[in-house]
J.: 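One structure follows; several queries about it will come next.
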Protein chains: 2
Amino acid sequence: MSALTNAIDILRCFSTSRPDLSFADVQVLTGKPKSSTSRLLRSLRDCGLLEQDPHSRRYRPGLLTFELGRLHRAHDDLIATAERELRDVCARTGHTGYIAVLDGYQQVVLRIVTGSNPLRVVNPPGQRTPAIITSNGRAMLARLSDQEIRARVPLDYPKVPANSPQNFTELMARLNEIRRTGISDAADEAIEGVGSQGFALASGESGELIGIAVSYSVQATTEIERANVRRELGAMAARLRRITGDPLGQTIEQLAGLAS
Amino acid sequence: MSALTNAIDILRCFSTSRPDLSFADVQVLTGKPKSSTSRLLRSLRDCGLLEQDPHSRRYRPGLLTFELGRLHRAHDDLIATAERELRDVCARTGHTGYIAVLDGYQQVVLRIVTGSNPLRVVNPPGQRTPAIITSNGRAMLARLSDQEIRARVPLDYPKVPANSPQNFTELMARLNEIRRTGISDAADEAIEGVGSQGFALASGESGELIGIAVSYSVQATTEIERANVRRELGAMAARLRRITGDPLGQTIEQLAGLAS
DNA sequence: ACCGTTTGTTCCATTTTTTGGAACGTAGTC
DNA sequence: GACTACGTTCCAAAAAATGGAACAAACGGT
């Protein structure tokens, strides 16, 4: 096993729930002999990959990781990062992808990724739609506080399609469902015959919030295919939340950690 | 030379001015044979410290550096406290605030607080700059012993902008001035047309040292406004020194010695 | 299509580093 | 003052890195 591999094994011990580690922690987590741990920790500290608190003598990620992390493409821009991932998913599933942002209680489409399936693009970039009648729109709303949601949705609840939540109570039920599952869906709402599934993504750094959806023809897709889309979206959400530092991703990670 | 050392040599080739590198770039910058470069780049990619663009085949810092970078000093009280105070000052003055740490004779920007003034952020987090050409960099150096300063500044004194200290003697004169007043300033040094004032803050407990600065456009500020910034910084420094137990007048070496 | 060039990977005997058990510090504690 | 927890250093055996050379793949010009 190479020195680099061992170094990485140590670095991978750190996480949001374990931002710093003692010598003993590292030894237990890596299962390596004391001598190896001692030498390796010293090397990592000397080269800047780790820092050691002079008082507690605990180790934490070093200045070099900070500098390099700032160069990672995730800092380019949230939308471009999401678009790259969405392109992959659309290529695999053949469906059409959307990226939107929230503006008041409406959403604005920013990017469209056309898939191979011949579903006409009905929501061009710039299109405004009430967020309460789309999958990604509701996903974004679900990320706001109840108070914030109430402030955004007009008191005079708008007239919406039959499949959409018909009043504020129904809306909150839908949003709470999304908060539980992390994924949102819609069918025959904004456009007759079109269904979609989506989720919301936040940047851990700027707090910027975007909604991502994949849409398809309801008739032309089977239940199996829609389940596949759901899996793809779930995996995509997990990847993006890691890359963008979405706080929701960390919560989910912690829950997964507790379970295992 | 160990595998880890070589790996670090490669990682240190990346910077804000060089966020991605080709195989050839790395080979030239490290001066290593092709075979070694090839193997090491593959290892770094496989372990997540580097990513490779599938199209351009260029390398850039990987997801692991991003994740670790987010953990760097995430729970650092000194920085969190300073950032809160800096936010207030930047809100009042409209200028842009920086928090940096010293690494050798260079400083690395850790935090930025953007003000309301439209001065584009030119030093993003992670940016490395010689500490001798910035206000907060010199303020940090001034907190070291003369011996330690001499050890850090390269014997072959670097080429610096016209307004910066041109040699070691001039540098020490500037640093002694900072030691007297507690505040440091700069104008037209690291960036043409940009001035800044700053100070250094140490934790009385750990000996940790950070540099805080507020920067502004030289043309767009009056002498009166700069005097106002100076007052604000002086007051902020006093508040922070009380909170963090910074015994101004003691060198960092003395502090670190007492702590351990 | 062909040849030369650039660019990167794989091979392998030699050199160098890593490994991990054991002996050796160094505090803190009862 | 012995005991213990915590780390570091030593050293011979084992494993990995090295780098020149052969090899492969992609590109570019004619």
Side-chain angles (χ1 to χ4, degrees), chain A residues 1-14 18-62 64-65 68 71 73, chain B residues 1-14 18-65 68 204-208 253-260:
Chain A
M1 190 172 254
S2 78
L4 189 57
T5 313
N6 286 322
I8 298 304
D9 283 349
I10 290 185
L11 292 180
R12 290 209 183 271
C13 293
F14 293 90
R18 275 183 232 265
D20 63 347
L21 296 170
S22 70
F23 179 102
D25 293 338
V26 175
Q27 210 201 318
V28 168
L29 287 167
T30 61
K32 287 272 159 193
K34 284 193 298 182
S35 51
S36 306
T37 307
S38 176
R39 269 168 302 162
L40 204 40
L41 279 175
R42 198 225 304 256
S43 303
L44 288 170
R45 173 162 52 78
D46 290 349
C47 76
L49 241 26
L50 292 183
E51 289 175 357
Q52 189 173 21
D53 185 292
H55 183 65
S56 70
R57 308 190 34 80
R58 292 174 72 81
Y59 295 88
R60 58 177 181 237
L64 182 55
T65 67
L68 291 171
L71 299 177
R73 64 197 163 103
Chain B
M1 190 171 252
S2 79
L4 189 57
T5 313
N6 286 323
I8 298 303
D9 282 351
I10 289 184
L11 293 179
R12 289 211 183 269
C13 292
F14 294 90
R18 270 195 208 123
D20 64 348
L21 296 170
S22 69
F23 180 99
D25 293 338
V26 174
Q27 210 201 321
V28 169
L29 287 167
T30 60
K32 287 272 160 192
K34 283 193 301 180
S35 50
S36 306
T37 307
S38 177
R39 268 170 300 158
L40 204 40
L41 278 176
R42 198 218 318 248
S43 304
L44 287 169
R45 173 161 53 77
D46 291 348
C47 75
L49 279 176
L50 290 184
E51 290 175 357
Q52 189 172 23
D53 184 294
H55 180 64
S56 70
R57 311 196 24 85
R58 293 173 72 81
Y59 295 88
R60 54 178 179 236
L63 188 55
L64 182 57
T65 68
L68 291 170
E205 190 182 348
S206 66
E208 185 185 358
E253 294 92 313
Q254 287 169 328
L255 275 176
L258 285 175
S260 63

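Treat the numbers as computed from the prediction; the structure is a model and nothing was measured. In the text below, chain A, chain B and the rest are named by the order of the sequence lines, each starting its count at 1.
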J.: Should the pair B:Arg58-B:Asp25 be classified as a salt bridge under the 4.0 Å nitrogen-to-oxygen rule?
T.: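 Result for this pair is yes, salt bridge flagged.
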
J.: Between B:Gln27 and B:Lys34, is there a side-chain heavy-atom distance shorter than 4.5 Å?
T.: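 The answer is yes; the side chains approach within 4.5 Å.
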
J.: Which value, rounded to the nearest 0.5 Å, describes the distance between A:Leu4 atom CG and B:Cys47 atom SG?
T.: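 Output value for this atom pair is 4.5 Å.
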
J.: Could you encode protein contacts along nucleotides 6-12 of chain C as a string, one character per nucleotide from 5' to 3', using B for base contact, S for sugar-phosphate-only contact and - for no contact, with a heavy-atom cut-off of under 4.0 Å?
T.: --BBB--

J.: What is the separation between atom NZ on A:Lys32 and atom C1' on C:dG20, rounded to the nearest whole Å?
T.: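 From A:Lys32 NZ to C:dG20 C1': 9 Å.
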
J.: Rounded to whole angstrom units, what separation is found between the CG atom of B:Leu40 and the C1' atom of C:dT16?
T.: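 Nearest whole value for this atom pair: 15 Å.
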
J.: Please state how far atom CZ in A:Arg58 lies from atom P in D:dG7, giving the value in whole angstrom units.
T.: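 It works out to 10 Å between those atoms.
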
J.: Rounded to the nearest angstrom, tell me the gap between atom CE in B:Met1 and atom P in C:dT17.
T.: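 B:Met1 atom CE is separated from C:dT17 atom P by 10 Å.
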
J.: When the distance from CD1 of A:Ile8 to P of C:dT18 is rounded to whole Å, what number comes out?
T.: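 So the CD1-P distance, A:Ile8 to C:dT18, works out to 15 Å.
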
J.: For A:Thr30 and A:Ile10, what are the C-alpha separation, side-chain angles and deciding distance, and is it a side-chain contact (heavy atoms from CB on, under 4.5 Å)?
T.: CA-CA 7 Å; A:Thr30 61; A:Ile10 290 185; 3.9 Å; yes

J.: Rounded to the nearest angstrom, tell me the gap between atom CG in A:Leu41 and atom P in D:dT9.
T.: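 About 13 Å, once rounded to whole Å.
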
J.: Tell me whether the count of non-hydrogen atoms from other residues, nucleotides or ligands lying under 6.0 Å of CZ in A:Arg45 goes above 12.
T.: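 Yes, CZ of A:Arg45 has more than 12 neighbouring heavy atoms, counting only those of other groups under 6.0 Å.
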
J.: Just do the side-chain contact (heavy atoms from CB on, under 4.5 Å) check on A:Asp53 and A:Arg57 with the steps written out, would you?
T.: CA-CA 5 Å; A:Asp53 185 292; A:Arg57 308 190 34 80; over 6 Å; no

